[in-house]
Every structure is written in C-alpha cells, then in structure tokens.
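Each chain gets a letter, A, B and so on, in the order the sequences are listed, and its residues count up from 1. All of these numbers come straight from a predicted model, not from anything done at the bench.
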There are 2 protein chains.
Amino acid sequence: MQEQLRLQNQLCFPLYAVSKAVTRLYLSYLTPLGITYTQYVVFLVLFEQDGIRVKELGKRLFLDSGTLSPLLEKLEKQGYVEKGKSLDKRERIVTLTAKGKALEATLAPIPFQIASRLQLNEDEAKTLYTLSYRLLNQLEEDHE
Amino acid sequence: MQEQLRLQNQLCFPLYAVSKAVTRLYLSYLTPLGITYTQYVVFLVLFEQDGIRVKELGKRLFLDSGTLSPLLEKLEKQGYVEKGKSLDKRERIVTLTAKGKALEATLAPIPFQIASRLQLNEDEAKTLYTLSYRLLNQLEEDHE
DNA sequence: TCTAAATAGATTGCATACAATTTATCTATC
DNA sequence: GATAGATAAATTGTATGCAATCTATTTAGA
C-alpha cells in the first residue's frame, strides 16, 4: 500500500471534513431561521457592504454567479434582498430590504453560540484561522 | 454594525473557503482521470480496506448513504468497484475490481504533486492538520 | 415465538458548487 | 461610428451533501 495515499496522511481530508462539520453546527442555529449557511455568509457581507455588485459579493465569498444567481433569487423571493440596476447595465446591485436589515439583530448571537460550542482556546482558534487563510490566499493566487 | 458578524471575524469562513480551494486543486489532477474529489477519498479508503461495508465507508469519510449510494453506483458502472452481498442481507460489501486496484498506482503521485503546490512548511501543515482533526473530532462527538 | 424497535442501504427533495456556455452590455481601437 | 474582444450575470449540466423517508432485514424482549 502506498503510504502517501493513506487517508490519515492527507492534509486535505480534515479540512474537507471539518468544514462540513462546522457548517452542520451552524445549520443547527440557521435552519430554525429558515436560512442556509451560504445564505448566512451572503448576509454577513451585505451587513458590511450593502448595495454591492454580484461580482464583488462573489469575490468576497469565493463564489461564482452559478451559485449566487439562484441563491439571490431565493433571497429576493423571500423578501430579504432586492436586485437593482446599475449604471453599467450588465451589473446588478444587491440591497437589503428592511426585512433583510432586521436579520442582523437576529443573527448577532450566533457567533457567540458557536464559539461556546468549539473547545478551542484563543491561540488555537487564531492559529487555525491564520493558517487556513494563508493557504486559501495562496491557492486563490494560483487560481487566477 | 455588529463586530462579531464581520466576515473577517468568523473562524468558519476560512475553513469553508480553504476546503473548497483545496478540492479545486485536487480536481486539476483528478478531472483528467475522470474522477471527483469525493470519489478520490472513497478510493483511498478502499485501498486501505478493500471489501468494506457501505456503513463503515461512511464512518471513515463522514458521509451518509444519501451521498455514497449514488456515488458507488457510478463507480460500479465505470467498473471500478463491485457491490457484493454480506451474510447480513441488509449490508453491501464494496470491493475494488482489477481496474479499481490499478488506480492506486495512477493516484500515487498526486499527494506529492499537491504538496509541492502548497507553500506550507512541515510544522505549519502539521499544525493545521492537528487542529482541524481536533475540531472535527469534537464536533463529531457532539453530533452523535 | 412473535413482534416492536433497531439497523443498513436506497431514495427523495432541496440547496449548493462550479465549469462551461449564453446573453447583454461595455470598451478599446481603428 | 463600427466592431472585436472583454466583462457581468444568468443558465445549463453534473456531482455532491444531508435530512427525512422508505424498504428489507435483523435483533431483543415479552
């Protein structure tokens, strides 16, 4: 058996598995609110930068229009966002409605609730955060 | 704006994004071979433990039958695996065919090719690996 | 032994992801 | 001003993930 092919010798696998496990933890808080994890991170961006182009949203979240177009359509149908026009008619501007803005207060406790469920101390969390971002940024650079 | 809701203050996000980025890197090697990332990790388990129950495969990979059933069906159609019966008639035993076994040699170089693309030193990679697994194991414990 | 509860795997339904393609629009260049 | 190439977003097609449900089989307890 080729040693380097053992599952336990792959760095990719814990990254893949932990990402799914963390998403599932979020879902235990988000599903009762009727939103998904991807929708959650879309809202986080919109709370920071309301009135953003779909392209910019995709850049922040590393998602393309194939994912965002149907997702935004659903959010629009549910009354959370509106997709307005831009001067450049190719672009669409995503804006939170009042209902969408109200979600910020509803979602505010979630990061604390999640943090209380993760048994990592501050150093460990920071290290995991930093290394993940370093790897992410490298891979995204290569990707361009 | 609620500080704790800023995207940059979320640990979940780099985990989510880096997992997708790493998967995409693998796909650049796997797609030419006609296999997906999830199929790849299924093969890794089968190389270690040929003739495994679907349940056990799912336990190793944190995947359920909703994902594995159609995936194994495709691998069977492509001639990589066979699904045999067990004494317990509820169970199915997954076995590599000759074509499936031959894939081990084909896949063997990939971990080296991937490693050469990741600009992490050994310590960093080990830390990322360890912290990811620690978090994963915690979350999976809670999940049960 | 008979049957209720548990278990394995398949199926269904929904929501991503993302490559590739399409459509509409813009921009640079002549 | 006409047009080729670039760009933004939508659409298409394929493959996950996973909760919930269904079916077949096994097991445990009265």
Side-chain angles (χ1 to χ4, degrees), chain A residues 13 16-28 30-42 52-59 61-78 81 83-94 139-140 143-144, chain B residues 13 16-28 30-42 52-59 61-78 81 83-94 139-140 143-144:
Chain A
F13 184 69
Y16 160 81
V18 81
S19 167
K20 288 191 301 167
V22 170
T23 298
R24 189 171 52 232
L25 179 58
Y26 273 84
L27 284 180
S28 67
L30 296 174
T31 302
L33 302 175
I35 68 177
T36 66
Y37 179 76
T38 314
Q39 290 170 2
Y40 171 74
V41 293
V42 165
I52 198 181
R53 289 175 299 120
V54 174
K55 189 72 181 179
E56 177 66 16
L57 192 54
K59 205 174 286 178
L61 296 175
F62 305 100
L63 292 172
D64 71 7
S65 67
T67 301
L68 288 175
S69 285
L71 184 151
L72 291 171
E73 177 120 3
K74 279 168 218 155
L75 291 185
E76 195 173 25
K77 259 182 201 154
Q78 295 176 271
V81 305
K83 281 192 300 183
K85 297 198 191 280
S86 170
L87 276 182
D88 184 333
K89 289 182 194 163
R90 292 169 304 180
E91 302 175 343
R92 308 294 304 273
I93 306 293
V94 184
L139 292 173
E140 287 301 322
H143 185 50
E144 279 156 15
Chain B
F13 184 69
Y16 160 79
V18 80
S19 167
K20 290 190 302 166
V22 170
T23 299
R24 189 169 53 235
L25 178 58
Y26 274 84
L27 284 180
S28 67
L30 296 174
T31 302
L33 302 175
I35 68 176
T36 66
Y37 178 75
T38 313
Q39 291 169 2
Y40 172 72
V41 292
V42 165
I52 197 180
R53 288 174 301 120
V54 174
K55 189 73 180 177
E56 177 66 15
L57 192 54
K59 203 173 286 179
L61 296 175
F62 306 99
L63 293 171
D64 71 5
S65 66
T67 302
L68 288 175
S69 285
L71 185 151
L72 291 171
E73 178 119 4
K74 279 168 216 154
L75 292 186
E76 194 173 27
K77 257 182 202 155
Q78 294 177 274
V81 305
K83 281 194 301 184
K85 299 198 189 280
S86 171
L87 275 182
D88 182 334
K89 289 183 194 162
R90 292 171 303 181
E91 302 175 343
R92 308 296 302 274
I93 306 293
V94 184
L139 293 173
E140 287 302 322
H143 185 50
E144 278 156 16

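Whole-Å rounding puts the Ile93(A) CD1 to dA9(D) P distance at 8 Å. One interatomic measurement links the two molecules: NZ of Lys59(A) to C1' of dA8(D), which rounds to 11 Å at whole-angstrom precision. If you take NZ of Lys77(A) and C1' of dA15(C), they are 14 Å apart, rounded to a whole angstrom. The distance between atom CZ of Arg24(B) and atom C1' of dA20(C), rounded to the nearest whole Å, is 15 Å. In this structure, Lys85(B) places its NZ atom 17 Å from P of dA8(C), rounding to the nearest Å. Summarising the geometry, the separation between CZ on Arg53(B) and P on dA10(C) is reported as 13 Å, rounded to the nearest angstrom. Glu140(A) places its CD atom 12 Å from the C1' atom of dC18(C), with the value rounded to the nearest Å. At whole-Å resolution of the value, CZ in Phe62(B) and P in dG17(D) are 14 Å apart.
Taking only side-chain nitrogens and oxygens, Lys55(A) comes nearer than 4.0 Å to OP1 or OP2 of dA8(D). Within the structure, every side-chain polar atom (N or O) of Thr31(B) is placed at least 4.0 Å from both OP1 and OP2 of dA19(C). Note on Arg92(A): a side-chain N or O is less than 4.0 Å away from OP1 or OP2 of dA10(D). Between Lys83(B) and dA10(C) there is a side-chain polar atom (N or O) within less than 4.0 angstrom of OP1 or OP2. Residue Ser69(B) has a polar side-chain atom (N or O) positioned under 4.0 Å from OP1 or OP2 of dA10(C). Listed pair Tyr37(B) / dA15(D) fails the phosphate criterion, with no side-chain N or O lying under 4.0 Å from OP1 or OP2. The phosphate of dT16(D) has OP1 or OP2 within less than 4.0 Å of a side-chain N or O from Lys74(B). Between Lys89(B) and the phosphate of dA8(C), there is no side-chain N or O to OP1/OP2 separation shorter than 4.0 Å.
For Arg90(A) and Gly66(A), each mapped to the nucleotide of DNA chain C holding its nearest heavy atom, the one lying further toward the 5' end belongs to Gly66(A). The nearest heavy atom of DNA chain D to Glu56(A) and to Leu87(B) marks one nucleotide each, and the one closer to the 5' end goes with Glu56(A).
Within the 4.5 Å cutoff, the side chain of Leu63(A) has heavy atoms near those of the Lys20(B) side chain. No side-chain heavy atom of Val22(A) sits under 4.5 Å from any side-chain heavy atom of Tyr16(B). In this structure, the side chains of Lys83(B) and Ile93(B) stay at 4.5 Å or more apart for every pair of heavy atoms. Side chains of Leu68(A) and Val42(A) form a contact here, defined as non-hydrogen atoms less than 4.5 Å apart.
No contact: Glu73(A) has no heavy atom under 4.0 Å from any strand. Nucleic acid contact class of Leu71(A) (heavy atoms, under 4.0 Å, all strands): sugar-phosphate only. Asp88(A) comes within 4.0 angstrom of sugar-phosphate atoms only, judged by non-hydrogen atoms across all strands, and of no base. Among the protein residues, Thr36(B) comes within range of the sugar-phosphate backbone only, with heavy atoms under 4.0 Å from sugar or phosphate atoms but none that close to a base.
Among the nucleotides dC18(D), dA17(C), dA9(D), the one closest to any side-chain atom of Thr67(B) is dC18(D). Which of dC18(C), dT11(D), dG17(D) sits closest to the side chain of Ser65(A) comes down to dT11(D).
Screening Leu75(A), Leu33(A), Leu72(A) against Gln39(A) for a side-chain contact (heavy atoms from CB on, under 4.5 Å) leaves a single residue, Leu75(A).
Between Arg24(B) and Glu140(A) a salt bridge is recorded (basic side-chain N to carboxylate O distance below 4.0 Å).
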